[in-house]
Peer 1: 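This is the structure I want to talk about, given as structure tokens.
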Amino acid sequence: MRILSIETSCDETSIAIFDVFEKEKNLNFKILSHLVHSQASLHAQYGGVFPKMAKREHGKNMIPLFIQSLIDAEMLKKNTLKKNELNTTPLEREPELKESLENFLREYDLPKFDLIIVTEGPGLEPTLWVGINFAKFLSLATNTPLIGANHMEGHIVSVFPTNEKVFSIPKLNFPLLSLLVSGGHTELVLIENWGEYQKIGQTRDDAVGEAFDKVARLLGLSYPGGPEVSKQASLARQNNIKPPFTLPRPMIHSKDFDFSFSGIKTAVLYGMKDKIFSEKEKAAIAKEFEDAVTEVLIKKTVDATLKYGTQTLIIGGGVSANTYIKEQFKKVNDEKNLGLTILTPQKTMTGDNALMIGIAGAMKYYKSKKIEDLDLIKASGNLSL
Ligand code: KG4
Ligand code: ZN
């Protein structure tokens, strides 16, 4: 079946078009188009995502992205429909999107998919609605089933695409453990089977990505801070520069699987208060921060794999782009002979994207073959797994 998937949970507008077919109970995917438009540079001036602007930008960028996706998938067709046959009611609250969609409809036919999948949450509700309302419009106008997908489940299954256009879901031994580390979440999820998740631990305050972003701001680095902090940390590591102060490893010895990262950020704030540090010293603070976060993530995750007997560890979410964290996980796995298979996403799949949403939605659909009532699909900021 041919599927369209849409992601707008934060500051990336993303669309994927792909084919899925089931062969000997295996799901196979063929990507026809996968595009991500990031607004990060626009939000950089605010040091974080500004929801109102993010919503407006999604509305402006959706149709140009949609047109490019249809070109990639060879599905763009000049108009043969009468424009006034279409009902744009779902777009009443999306003025930017409505306007560009009306222009689209003057020129092109709406393409027909077999299934549409859209992110329902968790995420920013105003931005989620842009994707959902667009998906509802398409679903109604072309009489196509629509299902909602969970953004965090998307980050879990983001590890499956390879560098090829064609990939399949490998057979893995359950239970699996997933460490999800993004700008909004830090959680350890036990996966009993696809669709059966148990959150065994989570952050009690800031998410890891959020802590990276806040520390970046304290160090005068730009948003999104993760890659910047990591670059500085790596420089300090190469040059063996000692940090001017050490940072705590919060909750590292607590017997549960919860995390807390706001204390590390506050310790950076106090450590830097009323002092002037050189660029080298700031790089060393970045290194100390990355070390602290990595140690806590590894300790809790390894303990969880031992407690639950999981052989496969999936690391997903924006912070899974962090090379140092991934290297350290591999190192500990080797040094302690843990025998874990560690799956991480390809670089292009670490951030928010529609392909991971499409995979999560397709796996859900093939498992249940259930289509939801359109009215029940809604933005849900805190949707959990
Ligand atoms: O998953 P994601 O794209 O969006 C959310 O769902 O939150 O994650 C974004 C987060 C940001 O906080 C960003 O700073 C962080 O991922 N991030 C990184 C790296 N690349 C992105 N954090 C640490 N190291 C990186 N290389
Ligand atoms: Zn995300």
Side-chain angles (χ1 to χ4, degrees), residues 5-14 36-41 43-44 46-49 51 54 58 119-125 127-128 131 149-159 178-187 189 202-203 206-219 221-235 237 261-262 264-265 286-287 289-294 296-297 314-329 344-357 359-360 381-385:
S5 60
I6 302 166
E7 151 71 30
T8 60
S9 71
C10 191
D11 58 347
E12 267 90 27
T13 317
S14 181
V36 181
H37 178 273
S38 174
Q39 307 167 8
S41 60
H43 296 285
Y46 306 102
V49 180
H58 283 302
T119 313
E120 279 188 296
L124 302 170
E125 288 191 7
T127 67
L128 285 163
N150 184 301
H151 184 83
M152 300 318 289
E153 194 172 4
H155 277 303
I156 295 175
V157 299
S158 72
V159 296
S178 181
L179 170 67
L180 295 176
V181 275
S182 72
H185 294 81
T186 301
E187 39 195 57
V189 179
Q202 60 190 316
T203 182
D206 291 354
V208 190
E210 188 180 359
F212 267 98
D213 295 338
K214 287 178 175 170
V215 167
R217 225 179 307 167
L218 294 173
L219 295 173
L221 302 168
S222 61
Y223 172 85
E228 298 297 318
V229 170
S230 191
K231 217 184 285 167
Q232 294 304 313
S234 155
L235 282 177
R237 222 168 265 127
F261 294 106
S262 76
I264 310 187
K265 166 211 68 195
K287 170 189 160 295
F289 168 77
E290 195 174 51
D291 284 347
V293 165
T294 306
V296 177
L297 288 176
I314 291 177
I315 308 178
V319 183
S320 71
N322 187 295
T323 312
Y324 180 72
I325 296 178
K326 284 188 285 191
E327 278 171 7
Q328 291 306 106
F329 263 102
T344 55
Q346 300 285 326
K347 202 87 184 168
T348 53
M349 293 294 297
T350 56
D352 294 343
N353 67 82
L355 183 57
M356 68 181 198
I357 297 306
I359 301 168
N382 296 317
L383 190 68
S384 68
L385 274 166

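Counting starts at 1 for both ligands and their atoms, in listed order. Given the structure is predicted, the values throughout are model-derived calculations rather than measurements. Along the sequence shown, residues are numbered consecutively beginning with 1.
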Peer 1: Can an N or O of Gly317 be found at a distance shorter than 3.5 Å from an N or O of ligand 1?
Peer 2: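 No, there is no polar N/O contact under 3.5 Å.
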
Peer 1: So which N/O/S atom does Asp352 have closest to the Zn ion (ligand 2)?
Peer 2: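 Result: OD1.
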
Peer 1: Do any heavy atoms of His155 fall under 4.0 Å from ligand 1?
Peer 2: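 Flag set, His155 near ligand 1.
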
Peer 1: Can you check whether Pro224 has an N/O within less than 3.5 Å of an N/O in ligand 1?
Peer 2: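 In fact, backbone or side chain, Pro224 has no N or O that close.
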
Peer 1: Quick one: do Lys287 and Asp291 make a salt bridge, cutoff under 4.0 Å?
Peer 2: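 Here Lys287 pairs with Asp291 in a salt bridge, since their nearest N and O are under 4.0 Å apart.
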
Peer 1: Quick one: look up the protein heavy atom nearest atom 2 (P) of ligand 1 and list residue, atom name and how far away it is.
Peer 2: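 Here the nearest protein heavy atom works out to Asp352 OD1, 3.4 Å.
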
Peer 1: Please check if any side-chain donor atom of His151 sits under 3.5 Å from a side-chain acceptor atom of Thr119, or the reverse.
Peer 2: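 No, because no side-chain N or O of His151 sits under 3.5 Å from a partner of the opposite role on Thr119.
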
Peer 1: Hey, do the aromatic rings of Phe212 and Phe289 have their centres closer than 6.0 Å?
Peer 2: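 Yes, they do, as the ring centres are separated by less than 6.0 Å.
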
Peer 1: At under 4.0 Å between heavy atoms, is it the side chain or the backbone of His151 that contacts ligand 1, or both, or neither?
Peer 2: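 Looking at His151 and ligand 1, just side chain atoms fall under 4.0 Å.
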
Peer 1: Is Gly318 in polar range of ligand 1, meaning some N or O pair under 3.5 Å apart?
Peer 2: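 Yes; the residue has a nitrogen or oxygen that sits under 3.5 Å from a nitrogen or oxygen of the ligand.
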
Peer 1: Which residue is it: Ile315, Asn322, Leu179? I am looking for the one with a side-chain contact (heavy atoms from CB on, under 4.5 Å) to Leu297.
Peer 2: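 Single pass found, and it is Leu179.
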
Peer 1: Does at least one non-hydrogen atom of Gly184 fall below 4.0 angstrom from an atom of ligand 1?
Peer 2: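 Under 4.0 Å: yes for Gly184.
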
Peer 1: Using a strict 4.0 Å cut-off to heavy atoms of Gly209, name the atoms of ligand 1 that fall inside it.
Peer 2: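 Matching atoms, with element in brackets: 12 (O).
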
Peer 1: What protein heavy atom sits nearest atom 7 (O) of ligand 1, and how far off is it?
Peer 2: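 The protein heavy atom lying closest is Gly183 N, 2.8 Å.
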
Peer 1: Using distance alone, decide if ligand 1 has a nitrogen or oxygen within less than 3.5 Å of any nitrogen or oxygen in Asn322.
Peer 2: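 It does: an N or O of Asn322 is found under 3.5 Å from an N or O of ligand 1.
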
Peer 1: When you look for heavy atoms under 4.0 Å from ligand 1, do you find them on the side chain of Asp213, its backbone, both, or neither?
Peer 2: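 Just the side chain.
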
